[in-house]
Amino acid sequence: MKRTTWRHIAWLSEAADDPSDCLTAWARDPRAPYPLPTGRVFDAVSVDQRVGLEALGQLLDRGLPFGPTVLDRRARRMGFLLAPRSRQHFAHRLGRGGGAVPPYRYLGHGSVVVVPGPRPVLGDRYEWLGDPTRRPSAGPLLPAVLAAVLVASTEVLGCADRYGEDPRPAPDLAPAARAGVWALAG
């Protein structure tokens, strides 16, 4: 991750009810998490950490665009920040992915998300996994990419969870037993 500077996170403080209070809190403790309302400067999509980490890996591996990304270790959730009012683009693309839709929460106007300070330390409860160096760009691209990758990640994890399972149904041995047919014991 790039080194986050005060200039990079100034846009985040704009989301606060009192931007100067937010900047003051971060000046006192640059590791301190801060609750920011969603819907003005950014929205967020919150998913299970496992799905989020798989999605982030796919975004990075493929060189796809994504915005700032937050990890909450205790809640085991990840938040992907999008431009405000991206809900419609995100939901539209999520439903067209053709795969399993992951459980998610879309946080728009009226919600709050806790973000890490500009300089969290590895292992803090809240951590930036995607640089908060600029606000998420508006338009349909980021929500569409995120939706597609979340669906793909859910499919990949589902396959991994089923790996090693026998895809055939278990045979019904009851009729054979009733007929007096028994397998050879070895």
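Positions are given from 1 along the sequence. Note that the structure is a prediction, hence the values are computed from the model and not measured.
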Contacts of R85 meeting side chain to side chain contact (heavy atoms under 4.5 Å, CB included) (sequence neighbours excluded), chain-then-number -> none

Could you walk me through whether Q49 and R77 pass side chain to side chain contact (heavy atoms under 4.5 Å, CB included), step by step? CA-CA 4 Å; Q49 177 179 322; R77 305 282 302 171; 5.9 Å; no

Given side chain to side chain contact (heavy atoms under 4.5 Å, CB included), test L81 with T69 step by step and report yes or no.
CA-CA 6 Å; L81 276 54; T69 307; over 6 Å; no

Hphob cluster co-occupancy, [X] + [Y], side-chain heavy atoms under 4.5 angstrom:
X   : Y    : answer
L23 : W11  : yes
L60 : M78  : yes
L53 : Y126 : no

Between [X] and [Y], what is the shortest heavy-atom contact and its length?
X    : Y    : answer
P120 : G117 : CD-O, 3.1 Å
F66  : G130 : CE1-CA, 4.0 Å
P116 : W128 : O-NE1, 3.4 Å
P65  : L141 : CG-CD2, 3.9 Å
A138 : A83  : CA-CB, 3.6 Å
P37  : F42  : O-CZ, 4.3 Å

Open item on the list: Quick check against the 3.5 Å criterion: does R162 have a side-chain atom that pairs as donor or acceptor with the backbone of G158?
Closed with: yes

The reported gap from CZ in F90 to CG in L150 (rounded to nearest 0.5 angstrom) is 5.0 Å

Separation between CZ (R125) and CG (L71), nearest 0.5 Å, reads 10.0 Å

Test side chain to side chain contact (heavy atoms under 4.5 Å, CB included), reference V51, set L56, V149, T154, output is T154

Per side chain to side chain contact (heavy atoms under 4.5 Å, CB included), F80 is matched among L59, V70, L142 by L59

Quick one: do [X] and [Y] make a salt bridge, cutoff under 4.0 Å?
X    : Y   : result
D48  : R76 : no
D17  : R40 : yes
D124 : R31 : yes
R135 : E14 : yes

Less than 3.5 Å apart, which donor and acceptor atoms pair up between the side chains of residues 103-115 and the rest of the protein, not counting sequence neighbours?
residue : atom : partner : partner atom : Å
Y106    : OH   : D43     : OD2          : 2.7
Y106    : OH   : S86     : N            : 3.2
Y106    : OH   : R87     : N            : 2.9

Notebook entry, point to check: Regarding D21 and Y34, is there a side-chain donor-to-acceptor distance under 3.5 Å anywhere?
Noted result: yes

* To do: Could you walk me through whether L146 and L82 pass the side chain to side chain contact (heavy atoms under 4.5 Å, CB included) test, one step at a time?
  => CA-CA 9 Å; L146 179 61; L82 298 172; 4.2 Å; yes

**OP:** Take R96 and L94 through the side chain to side chain contact (heavy atoms under 4.5 Å, CB included) test and state the conclusion after the steps.
**Re:** CA-CA 5 Å; R96 298 188 67 188; L94 195 65; over 6 Å; no

